[in-house]
Amino acid sequence: MPFTEEERRPGLLERTFDRLLLRNTRVAAVQRVSERFRLIDLEGDALQGAAWAPGHKLQVKVAGPFTARTFTPIVFDAVRGHTRLLGYAHGAGPGSDWLRRVQVGDACQVFGPHRSLALGDLAGPVVLHGDETSFGLAAAVVAAMAGRSVPRCVFEVESRAESALALQALGVGTAVLVTRSDEALRMQAASELWSQCSGDGTLFVLTGRAQSIQQARQALKARGVPGSRIVSKAYWAPGKAGMD
């Protein structure tokens, strides 16, 4: 049954939330990187003066009421009031639907940016372990470490070809891409990378699928890597929607 006009109208609580907590922006650019990846530029005076650091999150209202999805900004210019996001439309749902239909000029409300990962000053070696949802973070870290060192990356992905296109568009160079469904190869690739740097003070940043993060953390601790050198954030888990 279709919704009536009254049912579509935002309720008082939602309107109050939007007015007090959300920042109003507009979509300045949309780049179709591949079938499922989109680069989206947002701009607006409401973004000016916002505090941001690599690893912070930005929540985008993709539907209502109170339906938002979380992204990791690649860049954030608080002077101009501009940010860039990479979206991955990996299935059916409000977030993927928004990514497929978003167009230049669309109004867009966002919440944040807010702290999500405590990465520190990124002064030493960094290893990133994640998946497609981690690409935006990887690009932000690469930019932050420019001129000092290059983070080493291993990503478990659904399509290696499509993921390579996305990483190329982001300027993320060398990355090990393994098929998510190949459990043995996935863990082998991660172990080979960890064996090269587990003893040199490297910061290990684990993001993406909750189960993979748990496996990676256990494997790193088995190698003697202290918990102080492991930072993690689960972006998604099978059967759970809207994780941030």
Side-chain angles (χ1 to χ4, degrees), residues 10 13-28 38-88 90 93-96 98-99 102 106-123 126 128-145 151 170 203-210 213 217 227-228 230-237 240-244:
L13 181 61
E14 183 185 1
R15 294 198 304 272
T16 301
F17 176 84
D18 290 355
R19 184 176 67 254
L20 295 178
L21 298 178
L22 298 187
R23 302 176 190 266
N24 293 314
T25 72
R26 65 177 289 275
V27 178
R38 303 288 188 276
L39 272 172
I40 299 170
D41 286 44
L42 302 178
E43 63 181 18
D45 293 345
L47 297 176
Q48 294 176 356
W52 175 83
H56 282 194
K57 65 184 179 181
L58 189 73
Q59 292 171 287
V60 176
K61 186 177 180 182
V62 296
F66 306 113
T67 304
R69 291 296 179 264
T70 303
F71 297 86
T72 305
I74 299 165
V75 294
F76 198 103
D77 189 333
V79 176
R80 289 176 52 206
H82 167 268
T83 188
R84 174 171 289 178
L85 316 171
L86 178 72
Y88 177 58
H90 56 82
S96 294
W98 178 77
L99 285 170
V102 66
D106 286 354
C108 183
Q109 292 181 303
V110 303
F111 181 54
H114 295 292
R115 178 170 168 170
S116 180
L117 280 169
L119 298 180
D121 59 8
L122 296 171
V126 175
L128 299 172
H129 180 280
D131 54 33
E132 295 94 341
T133 62
S134 310
F135 290 177
L137 172 65
V141 171
V142 166
M145 298 180 68
L170 294 174
L203 176 68
F204 294 87
V205 182
L206 316 177
T207 60
R209 188 176 64 147
I213 290 173
R217 179 180 287 276
S228 60
I230 304 173
V231 178
S232 65
K233 180 68 177 181
Y235 291 156
W236 67 283
K240 294 185 179 181
M243 292 181 66
D244 66 352

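In this structure, CG in L58 is found 14.5 Å from CZ in R84, a value given to the nearest 0.5 Å. Annotation: the span from L170 atom CG to L137 atom CG amounts to 11.0 Å, rounded to 0.5 Å. Atoms CD and CD, from Q59 and Q109 in turn, are 13.0 Å apart once rounded to the nearest 0.5 Å. In this structure, OG1 in T70 is found 10.0 Å from NE2 in H114, a value given to the nearest 0.5 Å. The distance from the CG atom of L39 to the CZ atom of F135 is 12.0 Å, given to the nearest 0.5 Å. The OH atom of Y235 sits 16.0 Å away from atom OH of Y88, with the distance rounded to the nearest 0.5 Å.
Residues L42 and V27 meet the side-chain proximity criterion, which asks for heavy atoms closer than 4.5 Å. Residues K61 and L22 form a side-chain contact, since some pair of their non-hydrogen atoms from C-beta on lies under 4.5 Å apart. Using a 4.5 Å heavy-atom cutoff, the side chains of V205 and V141 are not in contact. Side-chain atoms of V142 and P151, non-hydrogen and from C-beta on, do get closer than 4.5 Å to each other. Looking only at side-chain heavy atoms (C-beta outward), V62 and L99 stay at 4.5 Å or farther from each other.
Closest heavy-atom contact between L119 and P54: CD1-O, 3.5 Å. When all heavy atoms of R69 and G95 are compared, the closest pair comes out as CG-CA, 3.6 Å. Nearest heavy-atom pair across V60 and C108 is CG1-SG, 3.5 Å. Shortest non-hydrogen contact noted between T207 and S134 is OG1-OG, 2.7 Å. V231 approaches A118 most closely through the heavy-atom pair CG2-O, 3.8 Å. In terms of heavy atoms, H90 sits closest to S96 at N-OG, 3.4 Å.
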Exercise for review: Quick one: do W98 and D106 satisfy side chain to side chain contact (heavy atoms under 4.5 Å, CB included)? Show the steps, please.
Suggested key: CA-CA 11 Å; W98 178 77; D106 286 354; 5.7 Å; no
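Put simply, the side chain of T25 never gets that close to the backbone of G44: no donor and acceptor are under 3.5 Å apart. Distance alone, capped at 3.5 Å, places no donor-acceptor pair between the R23 side chain and the L47 backbone.
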Validation: residues 72-83 side-chain donor-acceptor distances under 3.5 Å, sequence neighbours left out:
{"from": "D77", "atom 1": "OD1", "to": "V79", "atom 2": "N", "distance (Å)": "3.0"}
{"from": "D77", "atom 1": "OD1", "to": "R80", "atom 2": "N", "distance (Å)": "3.0"}
{"from": "H82", "atom 1": "NE2", "to": "D41", "atom 2": "OD2", "distance (Å)": "2.8"}
{"from": "T83", "atom 1": "OG1", "to": "V75", "atom 2": "O", "distance (Å)": "2.7"}

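Sequence neighbours left out, not one pair with a member in residues 134-145 passes salt bridge (Lys or Arg N to Asp or Glu O under 4.0 Å).
For R115, there are no salt bridge (Lys or Arg N to Asp or Glu O under 4.0 Å) partners at least two apart in sequence or on another chain.
The only option from V110, L86, L85 that meets the side-chain contact (heavy atoms from CB on, under 4.5 Å) definition with F71 turns out to be L85.
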